[in-house]
Amino acid sequence: MTPNLSTNIGGIQMKNPVMTASGTFGYGPEYAELVDLNQLGAIVVKGICLNETKGNQTPRTAEAASGLLNAIGLPGPGVAGFVREYMPFLRQYDVPVIVNIWGKTIEEYVEVAARFDSIPGVAGLEVNVSCPNIKEGSALFGTDLKMFERVVKAIRNATRLPLMPKLAPNVADIAEYARCAEACGADAISLINSFPAMSVNIETRRPMLANKTGGLSGPAIKPIALRLVWLAAQAVKIPVVGMGGIASAEDALEFLMVGARAVAVGTASFIHPDTALKVVRGIEQFLAEKNLATVADWVGAFDP
Amino acid sequence: MTPNLSTNIGGIQMKNPVMTASGTFGYGPEYAELVDLNQLGAIVVKGICLNETKGNQTPRTAEAASGLLNAIGLPGPGVAGFVREYMPFLRQYDVPVIVNIWGKTIEEYVEVAARFDSIPGVAGLEVNVSCPNIKEGSALFGTDLKMFERVVKAIRNATRLPLMPKLAPNVADIAEYARCAEACGADAISLINSFPAMSVNIETRRPMLANKTGGLSGPAIKPIALRLVWLAAQAVKIPVVGMGGIASAEDALEFLMVGARAVAVGTASFIHPDTALKVVRGIEQFLAEKNLATVADWVGAFDP
Amino acid sequence: MQLEQAIVISQQPIQGGYSLLHLRSPGIASQVRPGQFVHIKIPRLEECVLRRPFSVFRADGDTLTILYKHVGRGTRGLKDTKLGETLSLIGPLGHGFPSPQKDCFPILVAGGYGMAALYLVAKQSPVKGIAFFGGRSAQDILCVPDFEALGWTVRVATEDGSLGQQGLVTALLDDWLERERTNETPEFFVCGPSGMLKAVASRAIARAWTAWTSVDNNMGCGVGACLTCVLKVKSGEDWTWARACKEGPVFNAADILWEEIE
Amino acid sequence: MQLEQAIVISQQPIQGGYSLLHLRSPGIASQVRPGQFVHIKIPRLEECVLRRPFSVFRADGDTLTILYKHVGRGTRGLKDTKLGETLSLIGPLGHGFPSPQKDCFPILVAGGYGMAALYLVAKQSPVKGIAFFGGRSAQDILCVPDFEALGWTVRVATEDGSLGQQGLVTALLDDWLERERTNETPEFFVCGPSGMLKAVASRAIARAWTAWTSVDNNMGCGVGACLTCVLKVKSGEDWTWARACKEGPVFNAADILWEEIE
Ligand SMILES: Cc1cc2nc3c(=O)[nH]c(=O)nc-3n(C[C@H](O)[C@H](O)[C@H](O)COP(=O)(O)OP(=O)(O)OC[C@H]3O[C@@H](n4cnc5c(N)ncnc54)[C@H](O)[C@@H]3O)c2cc1C
Ligand SMILES: Cc1cc2nc3c(=O)[nH]c(=O)nc-3n(C[C@H](O)[C@H](O)[C@H](O)COP(=O)(O)OP(=O)(O)OC[C@H]3O[C@@H](n4cnc5c(N)ncnc54)[C@H](O)[C@@H]3O)c2cc1C
Ligand SMILES: Cc1cc2nc3c(=O)[nH]c(=O)nc-3n(C[C@H](O)[C@H](O)[C@H](O)COP(=O)(O)O)c2cc1C
Ligand SMILES: Cc1cc2nc3c(=O)[nH]c(=O)nc-3n(C[C@H](O)[C@H](O)[C@H](O)COP(=O)(O)O)c2cc1C
Ligand code: FES
Ligand code: FES
């Protein structure tokens, strides 16, 4: 008997619990020659804000031990550009498209969310809150609980699409943010975003990234991510999408076991573009071996 | 010309800026057959609390990608046991001994600090605040600014020894904690402690550590540590001791470059017990190559 | 573009810190065009999360050859590969060199391993032109006979004078342009360090000649998804980012904002 | 205890997933006592931050031999070492087996690679005793001739019956104790999985015989600093932690809190 891998993330019905992580899979076409997009649980596209943006200067990435540091700086075509250039392509596939959105002010978040509300083919919104609030000072939306609450509430009021705030990992108490998102009406949460970090070069005495600091992703952060996902999953009833260093089916099964109802593959796609599909097949095989009929039977199977 | 490596950390005069990280070098004798202790900048011993403690159940450590997860749980001989069993040994060496202390209540921290005040051969105290406060509820001393302030102030009043709170890394704003320590009269700060994390086993469905979660250390966390040390060093005038994943002289030079006045070698000692000494020699060589007369000429040489 | 499991057929250290690696990779070998590259997962290097990009030097039947310089841990890991071992490749990637125009005189300019990107250009060119190879020393002048065997003329410059003319390859090129150039319009195919690309580009642009430059930007995904490898190109009055792995690595020199390149 | 750069002299795959590794390591080879171990940095495995502990199987002149089972990435990395390559060792480590008492009859009990910790005991024992080797199948019964060459009797049990008596090695031991044992008091030297250690320990303790058991706890530092490898031992009425790497790996079975061991 083939296990049933389907899962529902806050109203987004997925064939299997494996998505691509925002920013690591482009907008879809980049990997389409290598990966059958129809076999993915969902595609989460690179972060989109209102207008076209250029992002950071280069260098934008640097390798670290078992990890990658990035400060791409969210370049992108803006809502209109994205809808025009990529939605026709994405609509060809039978796979939910989750748009990762961001803004520099609450108003911008709201505006972006509102615009997507009417775009056919958009299955849901993931909200990247790891951006500084330009208008109201330097506080970050993702690491200041009050700001987080304001932005999630405001977006909730602006869209009927399934809404999935993506939590920043560098907070003392992740459960607080998870509960806040749930209380504000989010349909799901995802975590973790890459972890604030830095690399430097002692010969040039300069940072390795033009932006000085960046986000650490990849296997290095998996143990950090796993704990945060576990804590978040215990704190809320809405579905949790876990990510951070997932590179194999075993990794994904770990996140599902501690309570994530879906996972996302990020940095690992760079090294093996077909990682997400291998993860799907590996989960299926594991469930079959364990005689589990559905992936839901494994979610939360942790015995702490 | 041989560069002058000596450094002074809040009143602790060191031959060179390289210490051992607490908990990764025992109490001194463990590595004494392999490493000439006199060549270390300072020895920081495993955490000591008031009375003998047994620590966590096993398994206590697990490997992760480029890192180590540990939940040893601070077993130790207590103040009296430590002083009796290890101080006579340590006093034979010409190297500052920094005692890492912890407690379950503010009173216990104070008591431990006060006892060490009169122990000959103790050069200073590093305060591990990554412990839960048993008496006043589950808040952690290290991730709640008010608790942190109370414990540092109370210890400050109890000891004339150089005092070095060791910051917890899992806070949204590290500068806040650094400034708080300085304002409370700390002579130095050290960071980072290992990062809260978790590993699990999908076959047993159990955590890899008996304690469920543990602290991630080693090269995996270096980019995270480096950023936090950089931010902390900018926030205060007191010396900062940087650590987290240091395994080579280059790594140490990175931390010094972003503003640490000394560094500590932790997990890397497990793989190469002589890492700290190699780091000392590598720093010396680098300074000589760059025609820098003192290590102070390199501290903060970062050009961000 | 495909994911292919290539087999190591032979590994051949050549002079001074360079090696040739021959791979059986029929899918990619049959598709590759001049100036394209493959993105290689270095085996065993678990702590490195990125692939490493290498130009396809030669493609013969089902075999690919790359020529690589030993510079760091990735290339060290490549040296450690064993005969018969499987390497994961993505390729062919990127937008390579166009075919040389029939009514122009093709000129290749290469620094160090840059020549690896140019062999297929030389091979597929309808006209046999001239190639200028530069490097720090004789050790860095690679595979000249391969180009000569195709009927191309090769001129060499080394900074230390250990082979060919002493000095930069651009000085050698300048001499040739001044003294030996025929009436045909030159068309440049350039690959090497950015200083060299810039120097050749400025000469070409100044005289309205076409120069195709292959940039050597650090890469993440190699397929256009991560936006690591970008450089600034002209876009009307403004500029826009172009991805070296997708729109490049070969660009018309006239399109690049050279003043932004270090 | 010392840090030594050992040289790989030869690598010898033996049956079913086991290998012998011969290392030139004069400092450690000359110091090692039965039951001690070396802590090995696996080359190239940058993403693994811990060494791996292995018993010293044999020590001959300046040469050490370890016998290892291929179980995971560390032992896979050990298999990938090349002749002449340098391995960083720390050793000899731990508190090994005492010399067998002259007035007792020495009995070795080993499960799988556990016999690697016992060869030097057999070699240095004044009395030739008997050795019981157990394993899942014939593949897991290792180096019997080496022990026989020392004049020891070896009896074998395998769970699948593919070699020797079918069943657990403890059943074989029980038979022998019941039917063949002489009047001398047995003294046990045991190394293997914890279930087996426990079973032998309970037999010995019940009859007030001495059993020396070598435990196979996961290790961090190997030198007593990290407190990873601890197990519970008796301390008067109470218990205390003992470090397998320092106070052990060999413990008097009477001291261990067996009920706490899984
Ligand atoms: C399109 C393209 C084609 C290439 N073709 C070839 C080729 O045919 N032959 C060849 O030898 N090399 C080629 N390179 C460069 C090659 O990718 C790098 O040398 C290699 O990635 C270095 O990996 P490493 O792990 O050994 O070095 P690392 O440890 O990553 O770095 C060692 C040193 O190399 C530098 N470095 C790292 N990445 C690059 C890079 N992409 N370009 C230049 N320097 C870098 C670092 O700054 C550092 O100083 C090409 C690069 C690109 C982008
Ligand atoms: C004192 C001592 C002496 C030893 N002597 C030998 C010996 O002579 N020959 C030999 O083959 N092995 C010996 N071992 C066991 C050996 O250390 C492990 O098999 C090895 O560390 C596994 O490394 P790995 O990276 O290949 O496996 P990993 O990838 O770390 O793990 C693979 C599997 O092995 C298990 N494992 C990991 N560490 C240990 C461990 N310490 N003991 C048992 N299982 C473990 C894991 O749970 C996992 O299931 C000894 C262990 C100790 C503590
Ligand atoms: C190059 C790169 C770009 C990213 N861009 C975005 C982004 O645009 N929006 C976002 O929310 N997260 C972004 N992320 C974070 C990832 O979606 C993911 O949360 C993080 O990388 C952790 O997962 P991983 O370890 O599997 O990569 C990016 C990550 C990388 C490596
Ligand atoms: C096994 C182990 C035990 C530790 N014990 C302590 C401790 O007792 N007190 C403390 O303040 N930090 C302790 N630490 C944290 C280290 O001192 C250090 O802050 C951390 O490991 C980061 O440095 P590293 O990456 O170089 O190991 C311990 C770390 C490890 C790995
Ligand atoms: S390398 Fe990722 S976009 Fe070019
Ligand atoms: S392995 Fe570190 S104390 Fe035993």
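The basis for the numbers below is simple: all heavy atoms, side chains too, and nothing from hydrogens, waters or symmetry mates. Predicted model only: the values in this text are computed from it and were never measured. Order of the sequence lines fixes the chain letters, A, B, ..., with proteins taken first and strands second; residue numbering starts at 1 for each chain.
Between W241(C) and N56(A), the shortest heavy-atom distance links the atoms CZ2-O, 3.4 Å. In terms of heavy-atom proximity, C226(C) sits nearest to I72(A) at O-CD1, 3.2 Å. What you find for S66(A) and V49(C) is that their closest heavy atoms are C-CG1, 3.6 Å. Between K54(A) and D238(C), the shortest heavy-atom contact is NZ-OD2, 3.4 Å. Heavy atoms only, all atoms of each residue included: I271(A) and C48(C) are closest at CD1-O, 3.6 Å. The two atoms that bring M1(C) and E30(A) nearest to each other are CE-O, 4.1 Å, heavy atoms only.
Residue pairs satisfying the side chain to side chain donor-acceptor pair (under 3.5 Å) criterion with at least one member in residues 41-52 of chain C, sequence neighbours excluded, are listed as follows: E63(A)-R52(C), H272(A)-R51(C), R44(C)-E85(C), E47(C)-R73(C), R51(C)-S88(C).
Proximity to chain C involves both the backbone and the side chain of L68(A), based on heavy atoms less than 4.5 angstrom apart. Only the backbone of A64(A) comes within contact range of chain C, with at least one heavy atom under 4.5 Å from a heavy atom of that chain. If you measure heavy-atom distances from I90(C) to chain A, the contacts under 4.5 Å come from the side chain alone.
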Stepwise side chain to side chain contact (heavy atoms under 4.5 Å, CB included) test for C221(C) and F25(A): CA-CA 9 Å; C221(C) 66; F25(A) 211 74; over 6 Å; no

D274(A) vs L3(C), side chain to side chain contact (heavy atoms under 4.5 Å, CB included): CA-CA, chis, key distance, verdict: CA-CA 9 Å; D274(A) 55 350; L3(C) 250 171; 3.7 Å; yes

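Ranked by heavy-atom pairs under 4.5 Å with chain A, the first of T240(C), V230(C), N217(C), L45(C) is V230(C). Your options are G218(A), A71(A), P273(A), and the one with the most heavy-atom pairs under 4.5 Å with chain C is P273(A). Interface summary for chain A: among K232(C), H39(C), K246(C), the most heavy-atom pairs under 4.5 angstrom belong to K232(C). Chain C forms the most heavy-atom pairs under 4.5 Å with one residue out of P219(A), A65(A), G67(A), and that residue is G67(A).
Residue H22(C) qualifies as enclosed at atom NE2: its count of foreign heavy atoms under 6.0 Å is above 12. Within a 6.0 Å radius of NZ in K234(C), other residues, nucleotides and ligands contribute more than 12 heavy atoms. The 12-atom threshold is not exceeded at CZ of R136(C), counting heavy atoms of other residues, nucleotides or ligands nearer than 6.0 Å.
In terms of modelled atom types and a separation under 3.5 Å, the side chain of R60(A) and the main chain of L227(C) share a donor-acceptor contact.
For the pair T58(A)/L231(C), no side-chain contact is recorded, criterion being any heavy-atom separation below 4.5 Å from C-beta on.
A search for side-chain contact (heavy atoms from CB on, under 4.5 Å) contacts involving I7(C) returns R24(C), T86(C), not counting sequence neighbours.
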